[in-house]
Amino acid sequence: MIFETHAHYDDEAFNGDRDELLQKMHDHGIGRIINVGASLKGVRDTAALTEKYSFVYGAVGIHPDEVGNLTEEDMKELRSLCGRKKIVAVGEIGLDYYWDKENHDIQKKWFVRQMDLAKETELPIIVHSRNAAKDTLDIMKAERADNLKGVIHCYSYSKEQAREYMNMGYYLGVGGVVTFKNGKKLKEVVEYAPLDYLLLETDAPYLAPEPYRGKRNCSLYLTYVAQTIAQIKGVSYETVVETTRENAEKLFKI
Ligand code: NI
């Protein structure tokens, strides 16, 4: 069974058929799903989804685009949610200089603060990093993020940086981009990194793989991602599915 490590089923894109879709997952080989909160509303909705579905687990954290109005009071709420049994990670947290919605210093402050939360609660982190390669790695090194575990979600940087993250004990999240014609850089990373360091993820509703590129993404399409990884690495589809599942179970202690 496929372990989906990053989806946003709380997103309004699923308002019309969320239950119908989630009920289909098991019959189509999707064993477990981590729903990742990105805003305060998102983490509350994530917690509710974990209560409703036995196979849905949650990550709670505030995405760098959403940290502008965050307060210490909100951090208390996050910490309390981290105490729930099915909340298995702090995320997604990090830096986003692509959309660049918040001042960099503010993004950095809350990235560090949420890493502290992960340290306090002994949970792994799910890192979002876009167009912020150097600052992300610098901060994670300065904060001794190697003492935490985690995943660099939607990995989009170089092989050399991938090596640095793997040396720190981090996994690389691989999704739809690996199937894109212009996904050459990620294909090279996938070829280079041992399968023991890869996780399957969609980032649904975003980043649907070929042949659904541009459409609404969902965990059912992870078969295309796993097939592409299998081709790149010259291993069987089953090996990709089973190894990435074991990686996720180990990281999130499920
Ligand atoms: Ni995401």
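In this chain, residues are counted from 1 in sequence order. Computed from a predicted structure; not experimentally measured. When a ligand or atom number is given, it counts from 1 through the structure's own listing order.
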Is a side-chain donor-acceptor pair under 3.5 Å present for [Y] with [X]?
X	Y	answer
D135	H104	no
H8	N35	no
Y9	S219	yes
Y157	S129	yes

(request) Everything protein-side that's N, O or S and under 2.8 Å from the Ni ion (ligand 1): list it, residue and atom. (result) H6 NE2, H8 NE2, E92 OE2, D203 OD1

(request) Before accepting this row, confirm whether a basic side-chain N of the pair R144/D146 lies closer than 4.0 Å to the acidic partner's carboxylate O. (result) yes

(request) Look at atom CD of E72 and say whether more than 12 heavy atoms of other residues, nucleotides or ligands are closer to it than 6.0 Å. (result) yes

